[in-house]
Visitor: 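So that we are looking at the same thing, I have put the structure below in structure tokens.
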Amino acid sequence: MTFAESLKKLRHDNSLTQNELAEKLYISRQSISKWELNKSYPDIDKLILLSKIFDISIDELLGQDKLLRKDIIMKSTLYRKSISILESVKYLV
């Protein structure tokens, strides 16, 4: 099951509309729609909130979605590199 399928099923199982879930995440309904149509992926912070809302692990939420897993790894790698660069610059100033 992909992330999109998993999210849609969880939302339906919890009797939430796209709008209600969007309000819980402080985002637009269109973002939820794009996620469920596999047109885009949530940021890491939204994945954490989703796992809390549905009381499941992020791993369960992601399912077999290899593209999303790769995206998360790339973003976390870029984040760590950014922090490292910022730390380096801090010492130069």
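No experiment lies behind these values; they were computed from the predicted model shown.
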Visitor: Does Glu23 reach the side chain of Arg29, with side-chain heavy atoms less than 4.5 Å apart?
Guide: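 Of all side-chain heavy-atom pairs linking Arg29 with Glu23, none is under 4.5 Å.
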Visitor: Tell me whether Arg11 is salt-bridged to Glu36, with the criterion being a basic N under 4.0 Å from an acidic carboxylate O.
Guide: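 A salt bridge is present here (some side-chain N lies under 4.0 Å from a carboxylate O).
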Visitor: Is there a side-chain contact between Ser51 and Leu47 (heavy atoms, below 4.5 Å)?
Guide: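 With C-beta onward as the side chain, the pair stays apart.
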Visitor: How about NZ on Lys8, more than 12 heavy atoms from neighbouring residues, nucleotides or ligands closer than 6.0 Å, or not?
Guide: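 No, because the 6.0 Å sphere around NZ of Lys8 holds 12 heavy atoms or fewer from other groups.
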Visitor: Answer yes or no: is there a donor N or O on one side and an acceptor on the other, between the side chain of Glu20 and the main chain of Thr17, under 3.5 Å?
Guide: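 Looks like yes, one N/O pair under 3.5 Å.
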Visitor: Does a donor on one side chain and an acceptor on the other come within less than 3.5 Å for Glu60 and Ser57?
Guide: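 Glu60 vs Ser57: donor-acceptor pair found between side chains.
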Visitor: Who are the salt bridge (Lys or Arg N to Asp or Glu O under 4.0 Å) partners of Asp45, not counting sequence neighbours?
Guide: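 For Asp45, no residue satisfies salt bridge (Lys or Arg N to Asp or Glu O under 4.0 Å) once neighbours in sequence are set aside.
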Visitor: Quick one: do Asn38 and Phe3 satisfy side chain to side chain contact (heavy atoms under 4.5 Å, CB included)? Show the steps, please.
Guide: CA-CA 8 Å; Asn38 221 12; Phe3 168 76; 5.7 Å; no
Visitor: Nearest 0.5 angstrom please: Gln18 CD to Ser33 OG, how far?
Guide: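 Reported to 0.5 Å precision, the distance equals 4.5 Å.
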Visitor: Give the C-alpha distance, both sets of side-chain angles, the deciding distance and a yes or no for side chain to side chain contact (heavy atoms under 4.5 Å, CB included) between Leu10 and Leu61.
Guide: CA-CA 9 Å; Leu10 286 165; Leu61 184 61; 3.6 Å; yes
Visitor: Given side chains that start at C-beta, do those of Ile27 and Trp35 come closer than 4.5 Å, heavy atoms only?
Guide: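 Yes, close enough: below the 4.5 Å cut-off.
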Visitor: Between the side chain of Lys34 and the main-chain N/O of Tyr41, is any donor-acceptor distance below 3.5 Å?
Guide: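 A pair under 3.5 Å: no.
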Visitor: Got Asp13 and Phe54 here, is their nearest side-chain heavy-atom distance under 4.5 Å?
Guide: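 No, too far: nothing below the 4.5 Å cut-off.
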Visitor: Should Ile32 and Leu25 count as side-chain neighbours, where that means a heavy-atom distance under 4.5 Å?
Guide: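 Of all side-chain heavy-atom pairs linking Leu25 with Ile32, at least one is under 4.5 Å.
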Visitor: Answer whether the closest heavy-atom distance between the side chains of Leu50 and Leu21 falls below 4.5 Å.
Guide: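 Leu50 reaches Leu21 side chain to side chain.
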